[in-house]
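Everything on this sheet refers to the single structure shown next.
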Amino acid sequence: MQKIDWYILKRSIKGDLTDEEKQTLGVWLNESEENRGYYRKMQSFFAHGEEDKEIDVLKNFRQFERKTYGKRRRLIFGVLKYAAVLVVLVGSVVLWRGLGTDSRETGTRQFALAPGIEKAILYTGTGERIVLEAQVRRNIVVADSFRVQQDSNVLNYAAMNAEGKVINEMHMMRVPRGGEFSMKLSDGTMVYLNAETDLRYPVQFNDDERRVVLMGEAYFDVTKSGKPFVVEVNGFEVRVLGTRFNVHAYKGETRFETTLEQGSVEVKTKDHFLLLEPGEQAVLTDEGRLSKQKVDVHRYTAWKDGHFVFDDERLEDVMNTVARWYDIKVFYHNQDVKDVRINGNISRYRDFSVLLEKIEKLDVAQFEIKENTIIVKSR
């Protein structure tokens, strides 16, 4: 789909465009049937009163996408009345949900920066590469003709009927930047994979332990079993029997985190060992120091439910987090702007350019968008 300012589309439904904007809209509509089809669906969406009621962000955003295309596309424009709003409070930037505003109120008019979508790549033991997209139901033939079931955004190995058969094959699920995906392992364990994440795992757990290898971020809801479940990460491993926890271990970052929601886990390095209780987090620095602390678990697991939660975090760390999800690059003209502190709870499914406009209003930073790069400057 060709680019167009979202606010031209939105206001055209109400019939309050300028002559210049009407001309822009006309050119866009004439460019392709895809554009015209999108616009017709948007007219129908607003005609049913969707704009005039507060809506569930994740549910209705996806519902609109499905009405429009049947599956999520990379470039999709925001359709939600409620957008992130920012204010200054106690020296920090605070974000919460409030009424959206027209982009003309700021000095920038930006194209939409679409959030991530449900997508992944499955690599089988035979070297086959299978692209996975949401809104698809199918059986994928793997490992000696056994079939793995894909139901929308979940790849289900537990549905594989391999009783009495020993399968010794490793697979890898790769979720790229701007993506997310879920899977159910052969033992019934659910794994939610965040953007830019790799997970290596056996098609069937045949050893005395259930071991997987992670790089990136994933939330695990482990099925109880007599066999321990082990998540191996570069530098440490997490060992459990049945529990819920999040592992954040991106290559190139200075610390790895394991956050426990339910049950108990052991975190081990070559030289250290920690036992976590619910509400605790283990932190391993790139210098090899291992420690634990009490945390608000929701802050570290909210991503799988469609939210970013920031608690007095540096702007640079916030931008690193969202950059993986929106598949963007960030360049800083000034190093001091990286230390602006951010607090808030923001939907992962909002258009990112709205967020940038709100931050600019605080006079703490300004942004320039060049294709998929965000240039950050001090005020």
Hphob cluster co-occupancy, Leu274 + Val238, side-chain heavy atoms under 4.5 angstrom = yes
query = In terms of heavy-atom contacts, does CG of Asp317 have more than 12 from other residues, nucleotides or ligands at under 6.0 Å?
reply = yes
request  = Group every Ile, Leu, Val, Met, Phe, Trp and Tyr by side-chain heavy-atom contacts under 4.5 Å, then state whether Val212 and Tyr250 land in the same group.
outcome  = no
ask   = Is it true that the side chains of Asp187 and Ser225 contain a donor and an acceptor less than 3.5 Å apart?
value = no
request  = Return the minimal non-hydrogen interatomic distance between Lys377 and Asn334, and the atom names on each side.
outcome  = CA-OD1, 3.4 Å
message = Can you confirm whether more than 12 heavy atoms, excluding those of Glu169, are under 6.0 Å from its CD atom?
response = yes
ask   = If you measure from CD on Glu133 to CD1 on Ile121, what distance do you get to the nearest 0.5 Å?
value = 10.5 Å
message = Within a 6.0 Å radius of atom CD on Glu209, are there more than 12 heavy atoms belonging to other residues, nucleotides or ligands?
response = yes
key: For Leu290 against Phe273, the heavy-atom pair lying closest together   = CD2-N, 4.3 Å
ask   = With a 4.0 Å cut-off, would you call Arg177 and Glu196 a salt bridge?
value = yes
ask   = Are there more than 12 heavy atoms of other residues, nucleotides or ligands under 6.0 Å from atom NZ of Lys270?
value = no
request  = Measure the shortest side-chain to side-chain distance between Leu132 and Arg138 over non-hydrogen atoms and say whether it is less than 4.5 angstrom.
outcome  = yes
ask   = Nearest 0.5 Å, what's the NE2-OG1 distance between His307 and Thr301?
value = 11.0 Å
query = side chain to side chain contact (heavy atoms under 4.5 Å, CB included) with Val247: which of Val265, Thr259, Val267, Val233?
reply = Val233
message = Do Val297 and Val240 land in one hydrophobic cluster if side-chain heavy atoms of ILVMFWY residues count as linked below 4.5 Å?
response = no
message = Does Arg137, at its CZ atom, have more than 12 non-hydrogen atoms belonging to other residues, nucleotides or ligands within less than 6.0 Å?
response = no
query = Are Leu214 and Val191 close enough, and set up right, to give a side-chain contact (heavy atoms from CB on, under 4.5 Å), and what steps lead you there?
reply = CA-CA 11 Å; Leu214 174 72; Val191 187; over 6 Å; no
ask   = So how far is it from Asn234 CG to Met215 CE, rounded to the nearest 0.5 Å?
value = 5.0 Å
inquiry  = With side-chain contact (heavy atoms from CB on, under 4.5 Å) as the criterion, how do Asp151 and Asn156 come out once you've worked through the C-alpha distance, each side chain's angles and the decisive distance to 0.1 Å?
reply    = CA-CA 8 Å; Asp151 186 358; Asn156 187 359; over 6 Å; no
message = Is the shortest side-chain heavy-atom distance between Asp198 and Tyr123 below 4.5 Å?
response = no
message = Pairing donors with acceptors under 3.5 angstrom, does anything connect the side chains of Glu261 and Asn246?
response = no
key: Separation of His248 NE2 from Glu217 CD (nearest 0.5 Å)   = 5.5 Å
key: Qualifying residue, where the test is side chain to side chain contact (heavy atoms under 4.5 Å, CB included) with Arg200 and the options are Arg211, Arg174, Met172, His171   = Met172
key: Cluster check Met173, Phe205: I/L/V/M/F/W/Y, side chain < 4.5 angstrom   = yes
request  = May I ask you to decide whether Glu253 forms a salt bridge with Arg324, counting only side-chain N to carboxylate O separations under 4.0 Å?
outcome  = yes
task = Kindly say whether Lys268 contributes a backbone atom to a donor-acceptor pair with the side chain of Arg239 at under 3.5 angstrom?
result = no
key: Rounded distance (nearest 0.5 Å) linking atom CG of Asp207 with atom CG of Asn168   = 7.5 Å
ask   = How about Asp339: does its CG atom have over 12 heavy atoms from other parts shown lying under 6.0 Å from it?
value = yes
message = Strictly distance-based, threshold 3.5 Å: is any side-chain N or O of Lys294 a donor or acceptor partner for the main-chain N or O of Gly279?
response = no
request  = Please say whether the positively charged group of Lys338, taken as NZ for Lys or CZ for Arg, lies over the ring of Tyr332, i.e. under 6.0 angstrom from the six-membered ring centre and within 45 degrees of the axis.
outcome  = yes
request  = Side-chain contact test, heavy atoms from C-beta onward, threshold under 4.5 Å: evaluate it for Glu313 versus Arg299 and give yes or no.
outcome  = yes
task = Determine, step by step, whether Phe245 and Val222 satisfy the side-chain contact (heavy atoms from CB on, under 4.5 Å) criterion, reporting the C-alpha distance in whole Å, the side-chain angles of both residues, the deciding distance to 0.1 Å, and the verdict.
result = CA-CA 9 Å; Phe245 61 100; Val222 178; 3.7 Å; yes
note = Heavy-atom closest pair (Ala282 atom, Leu276 atom, distance to 0.1 Å) is N-CD1, 3.7 Å
inquiry  = Please give me the minimum heavy-atom distance between Tyr157 and Leu185, naming the atom from each residue.
reply    = CB-C, 3.9 Å
ask   = Taking all non-hydrogen atoms of both residues, which atom of Gly178 and which atom of Ala195 are closest, and how far apart?
value = N-CB, 3.9 Å
Given Trp325, Tyr326, Phe308, Trp303, the one that forms ring pair (Phe, Tyr, Trp, His ring centres under 6.0 Å) with Tyr349 = Trp325
request  = Show the numbers, then the answer: is there a side-chain contact (heavy atoms from CB on, under 4.5 Å) between Asp311 and Val309?
outcome  = CA-CA 7 Å; Asp311 183 10; Val309 176; 5.7 Å; no
inquiry  = Show the nearest heavy-atom pair for residues Gly216 and Thr197, with the distance to one decimal.
reply    = CA-OG1, 3.6 Å
inquiry  = Donor-acceptor pair, distance only, cut-off 3.5 Å: does the side chain of Glu118 make one with the backbone of Val154?
reply    = no
message = Closer than 3.5 angstrom, by distance alone: can the side chain of Thr189 be matched with the main-chain N or O of Thr223 as a donor-acceptor pair?
response = yes
task = Look up atom CG in Leu199 and atom CG in Leu122, then write down how far apart they are to the nearest 0.5 Å.
result = 11.0 Å
ask   = Quick one: do Val203 and Phe181 end up in the same hydrophobic cluster if we chain Ile, Leu, Val, Met, Phe, Trp and Tyr together by side-chain heavy atoms under 4.5 Å apart?
value = yes
